[in-house]
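Read the structure below first, then the notes.
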Amino acid sequence: MANVTVIGAQWGDEGKGKIIDWLSNRADMVVRFQGGNNAGHTIVVGDKTYKLSLLPSGVVQGKRSIIGNGVVVDVWSLLDEIERVGGAGLKVTPDILVLAENAELVLPLHRELDALREEAASQKLGTTKRGIGPAYEDKVGRRAIRAIDLKDIAGLPAKIERLLAHHNVLRKGFGAAEADAGALLESLKEIAPKIVPFIGSSWRELDAARRAGKRVLFEGAQAVLLDIDHGTYPFVTSSNTVAGQAAAGAGISPRQIGTVLGIVKSYTTRVGEGPFPTELKDATGEKLGERGREFGTVTGRKRRCGWFASVLVRQTIIAGGVDGITLTKLDVLDGFPEIKLCVGYELDGKMLDYLPADANEQARLKPIYETMEGWSDSTHGARSWAQLPANAIKYVRRVEELIGAPVALLSTSPDRDDTIMVIDPFVDR
Ligand code: GDP
Ligand code: IMO
Ligand code: MG
């Protein structure tokens, strides 16, 4: 039985949530394996819209869902989210949701440090200010507080002391007040009984699922160009977003990640700072943003827009370990007389067919475009290949050729059902 791992193959917000929700119908479990509540995954089912940040998208279809050990978890935000989706009719109880005992917590002091740094920096990163970077730093620095620690209140003061010894030096440097150990202890004590019922073991759950022949869907957040190693460093997030992270971030064999589906938008967007060679700061960029409703789910920030860059996706497919893609938001390109694809870059007179690792070079890249004729008919809501205009099919085929991977699924509106399956990613091949 094949598993499927879904990752973002651009700079995020490609429509992962929609596709994971659609695929979760065919899965038994859904597992998040990295990131935190910097993610914003939107799922539209008829007249209902769900915006998920920490909850795996499987909860919408009532599937057993795991927040794996690779995720950094703001437990206050998690409870708010559970309450919010509860109001929309989704019951998220410990029968459905498991929080890995060895996941690290995002604390208020992480959010504060994230914001202090962004405010002080001359070159901002444009983070979501959710404390994600500082929380991962503490994880790697071996001073984090983990979910399991909420089961041992007596052990918390010593852990808090160790953590604050580090943070108070940093806070002093920013002219901020020292963190209050007593207040942090109290708030952890208060939240512990609400979180403890969800705590479990990701690796054991997944081992049992494997033995029982269950199908598991691994849900990536962010995307390969935001990966801490493979992205546009330093304008990246603080986790690995590539498919291989599903193994480390959930506690499974790398052989269990199954087919890797990269989610790719039919054009390109980016929220936050950093190089974006095909960015359009003109009427065409505005039109893409308006038609695609490109506003961030988490921060409400306007997303920067530009043409599709096959040169980037070809690279993220290789570095991210992608077998096939889902091309989303094809409908947003309806009505553009011509559509451009960036097939390479020019750097100081030389042609490149990849994104160089150097940030200064990335900032100097000039896109090389190929132009295709657009289509005037609507693809919005198309549910079969036969409903697509000939030029839209040509575009999809050209994308496949340029990126070197097949289109397994195609998405033509925010709604769950407006999805075309070309290849079933759950079928082992
Ligand atoms: P994620 O972070 O990758 O899950 O993506 P987001 O949910 O942050 O952003 C994608 C946005 O595009 C959401 O508002 C979706 O409802 C919407 N969306 C997804 N697929 C399509 C599509 O095929 N067409 C259109 N028009 N919108 C889509
Ligand atoms: P989903 O899962 C798009 C971006 C931020 C910023 C950088 C670092 O919805 O695709 P961080 O708060 O992670 O330290 O910010 O990463 N970023 C995202 N951009 N989609 C996301 O998630 C993102 N998560 C983080 O805007 O540029
Ligand atoms: Mg998003």
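One-based numbering, in listed order, for ligands and for the atoms of each.
- Residue contacts with ligand 1 include Gly40, since one of its heavy atoms falls under 4.0 Å from the ligand.
- Ranked by closest heavy atom to atom 13 (C) of ligand 1, the top entry among Thr379, Thr412, Thr42 is Thr42.
- Checked against side-chain contact (heavy atoms from CB on, under 4.5 Å), Ile148 has the following partners two or more places apart in sequence or in another chain: Glu101, Arg146, Lys151.
- Of the heavy atoms in Asp13, both backbone and side-chain atoms come closer than 4.0 Å to ligand 1.
- Contacts of Glu219 with ligand 1, taken as heavy-atom pairs under 4.0 Å, are absent altogether.
- At a heavy-atom cutoff of 4.0 Å, ligand 1 is contacted by the backbone of Ser413 but not by its side chain.
- For Tyr267, there are no ring pair (Phe, Tyr, Trp, His ring centres under 6.0 Å) partners, not counting sequence neighbours.
- Closest to atom 11 (C) of ligand 1 by heavy atom, among Lys18, Arg293, Lys329, is Lys329.
- Listed by chain and residue number, the protein N/O/S atoms under 2.8 Å of the Mg ion (ligand 3) are Asp13 OD1, Gly40 O, with waters left out.
- For the pair Gln10 and ligand 1, no heavy-atom separation below 4.0 Å is found.
- A heavy-atom cutoff of 4.0 Å around ligand 2 is satisfied by the protein residues Trp11, Gly12, Asp13, Lys16, Asn38, Ala39, Gly40, His41, Leu125, Gly126, Thr127, Thr128, Ala221, Gln222, Leu226, Val236, Thr237, Val271, Gly272, Arg301.
- Of the candidates Gly220, Ser411, Gly292, Ala382, Ser411 brings a heavy atom nearest to atom 23 (O) of ligand 1.
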